[in-house]
Amino acid sequence: MLLLLPLLLLQGGAPPNHMARIEAAVAEIRGLRFKRPVAVKVVTSVEARAHFAERAEKLWPKQRVALDQAVYADLGLLPAGFELLSSFLDLLEEQALGYYDPGSDTFYLVDSAAGAETAPMLVAHELTHALDDQHFRLDALLAARQDDDDGAAALSAVMEGSATAVMTVFLAREVQAGRIAMGALLAMQKTEAARAERLKATPPVIQRSLLASYILGLSFLTRGNPARLAAGLDAADLARAFSDPPQSTEQILHPEKYWQDAARDLPRRVRLPDLSRRLGAGWSLAGHGSLGELGLASLTGAPALDIASNQVLQPARWTNAAAAGLGGDLYHHYVNGARSVTVLATLWDTQRDAIEFQGGLATIPGKRSFRFGDAVVVLGGAELGATAEPLAGEVLSALSAMDPPP
């Protein structure tokens with residue numbers, strides 16, 4: 001669910017008198033017409049934070065925040081006691097200059113952002129969200145995947161990738177027309193570098209959650225080659241991506257697994273029984289979810305992202321051999337008073353992929369893993385002692401009964 005939050009980090013801002021020109025440019029670049037005007041309102045940073053909190057409550061309710069926070073702590077992705085929601089809201093309040101709200105079909109401008117020379121390119125990003133929303137109903141698409149974390153993350157990449165692609169083409173045209181000077185771009189780069197430094201202070205999984213949809217979404221929609229934007233956007237590809245969205249971050253990281261019919265790779269749906277009784281008295285199932293290849297790459301020590309380098313545009317920098325070849329995954333989170341246990345079940349395309357994943361888990365101290373064939377189970381959280389092995393055995397037995405990969 002963490003990967004939904006980039007949908008809130010909608011950066012942008014420009015005086016309303018720029019809107020007509022930018023709207024026309026966005027519609028032409030995107031290849032769609034606005035069905036109705038987009039309202040514009042100016043807000044303070046305090047009002048913006050209140051909006052982010054309200055939107056988070058809709059897409060990421062407090063109960064789910066608590067679940068994600070506990071699961072990530074159990075698996076070693078976040079330090080114990082890390083306040084997930086407040087950390088995200090702090091980053092959003094600090095870095096977001098504007099946002100589009102699908103519920104009101106309104107573009108909100110943070111009052112401190114109106115005068116920037118480069119603001120029109122950021123407005124183009126937000127207006128693309130508005131245009132896509134008018135044609136594809138973004139919140140409805142998200143609601144359809146509210147129980148599929150990895151699928152929702154893939155969908156978020158399509159949404160942000162579309163806006164980032166339009167913004168990129170728009171920026172190139174603005175520079176060519178002389179409406180944005182190179183000096184302004186250099187100044188913006190310095191500002192963005194400072195903001196990137198602040199992001200580096202957050203745990204790696206948070207950095208990835210905030211940036212993946214923008215960067216990987218652009219790569220995905222250009223079929224792994226952002227240089228294709230020089231020829232403009234492919235309207236047919238964008239229509240396909242919204243009408244039949246990718247189902248996993250594996251497809252986002254490996255675009256050929258979506259775009260090439262012969263290589264198309266759909267996730268295997270993993271099912272688990274309620275293991276509360278196996279854990280013992282007092283234990284209960286508190287929630288479930290999935291990590292996908294992007295999350296499992298963090299779990300297996302994928303290389304650190306260098307936000308200032310062009311290498312960050314390469315999907316290979318976001319994953320590793322240990323996370324590649326995923327068939328599907330599902331975690332169950334169990335609680336017993338103040339104790340918690342996360343059971344992560346994974347299926348892999350081949351036994352070799354499963355072995356590589358288990359080997360990559362050596363970077364996570366204190367976690368136990370068990371493998372049988374193409375299935376690997378990871379146990380994180382409270383020490384289970386003698387209960388761990390039979391618990392893992394029951395999970396592996398359930399996984400072995402799953403349908404084999406196509």
Side-chain angles (χ1 to χ4, degrees), residues 1-9 56 59-60 64-92 94-95 148-157 160 195-217 248-250 252-253 287-307 311-312 314-324 326 329-331 333 340 342-344 346 357 360-367 369 378-381:
M1 195 65 175
L2 287 179
L3 290 169
L4 280 177
L5 282 201
L7 214 62
L8 302 175
L9 188 67
L59 294 177
W60 200 32
R64 186 56 202 249
V65 173
L67 172 66
D68 289 340
Q69 187 170 301
V71 167
Y72 277 65
D74 280 354
L75 295 176
L77 292 170
L78 289 177
F82 186 88
E83 291 293 334
L84 198 51
L85 180 58
S86 62
S87 296
F88 269 112
L89 291 177
D90 288 346
L91 283 169
L92 291 171
E94 177 185 75
Q95 301 204 17
D148 179 5
D149 297 342
D150 194 43
L155 176 60
S156 178
E160 292 299 344
R195 291 151 72 96
E197 286 299 318
R198 290 192 286 270
L199 273 177
K200 288 180 182 179
T202 64
V205 70
I206 303 297
Q207 296 175 33
R208 287 167 171 262
S209 297
L210 286 171
L211 298 174
S213 293
Y214 299 91
I215 298 171
L216 295 178
S248 67
T249 54
E250 179 182 39
I252 298 297
L253 287 160
H288 61 84
S290 60
L291 298 178
E293 181 174 340
L294 191 61
L296 294 179
S298 293
L299 195 64
T300 52
L305 296 174
D306 183 356
I307 302 171
Q311 289 186 343
V312 77
Q314 301 171 7
R317 299 295 302 175
W318 293 75
T319 188
N320 57 13
L326 177 66
D329 77 288
L330 175 70
Y331 64 74
H333 183 68
S340 69
T342 296
V343 179
L344 172 63
T346 64
F357 171 66
L361 291 169
T363 60
I364 309 296
K367 306 297 173 288
S369 64
V378 181
L379 304 180

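Keep in mind that what you see is a predicted model, and the values were worked out from it rather than measured.
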> Does the side chain of V71 come within less than 4.5 Å of L77's, by heavy atoms?
Replying inline: no
> Do the side chains of L294 and L216 get nearer than 4.5 Å, heavy atoms only?
Replying inline: yes
Rounded to the nearest 0.5 Å, how far does [atom2] of [Y] lie from [atom1] of [X]?
| X | Y | atom1 | atom2 | value |
| --- | --- | --- | --- | --- |
| L379 | T342 | CG | OG1 | 9.5 Å |
| H333 | L75 | NE2 | CG | 9.5 Å |
| S213 | L155 | OG | CG | 9.0 Å |

>> If the condition is side chain to side chain donor-acceptor pair (under 3.5 Å), which residues does N320 pass it with, not counting sequence neighbours?
In response: T300
>> So, using side chain to side chain donor-acceptor pair (under 3.5 Å) as the criterion, who are the partners of S248 when residues are at least two apart?
In response: none
Which heavy atom of [X] sits nearest to which heavy atom of [Y], and what is that distance?
| X | Y | answer |
| --- | --- | --- |
| T319 | A297 | CA-CB, 3.8 Å |
| A157 | I252 | CB-CD1, 3.9 Å |
| T346 | D329 | CG2-CB, 3.9 Å |
| G289 | R64 | CA-NH2, 4.0 Å |
| K367 | G76 | CE-N, 3.8 Å |

>> The test is side-chain contact (heavy atoms from CB on, under 4.5 Å); show your working for I206 and L84 and say whether it passes.
In response: CA-CA 9 Å; I206 303 297; L84 198 51; 3.5 Å; yes
Indicate yes or no for a side-chain donor-acceptor contact from [X] to the backbone of [Y] under 3.5 Å, with no hydrogens or angles considered.
| X | Y | value |
| --- | --- | --- |
| W318 | V312 | yes |
| S290 | D150 | yes |
| Q207 | T202 | yes |
| E160 | G217 | no |

> E293 and T249: side-chain donor and acceptor closer than 3.5 Å?
Replying inline: no
> Do you know which of V378, V343, D149 makes side chain to side chain contact (heavy atoms under 4.5 Å, CB included) with Y331?
Replying inline: D149
>> Checking F357 against S369 for the side-chain contact (heavy atoms from CB on, under 4.5 Å) test, could you report, in this order, the C-alpha distance in whole Å, the side-chain angles of both residues, the deciding distance, and whether it holds?
In response: CA-CA 10 Å; F357 171 66; S369 64; over 6 Å; no
>> Before you tell me yes or no, could you show the steps for L291 and Y72 under side-chain contact (heavy atoms from CB on, under 4.5 Å), namely the whole-Å CA-CA distance, both residues' side-chain angles and the distance that decides it to 0.1 Å?
In response: CA-CA 10 Å; L291 298 178; Y72 277 65; 3.8 Å; yes
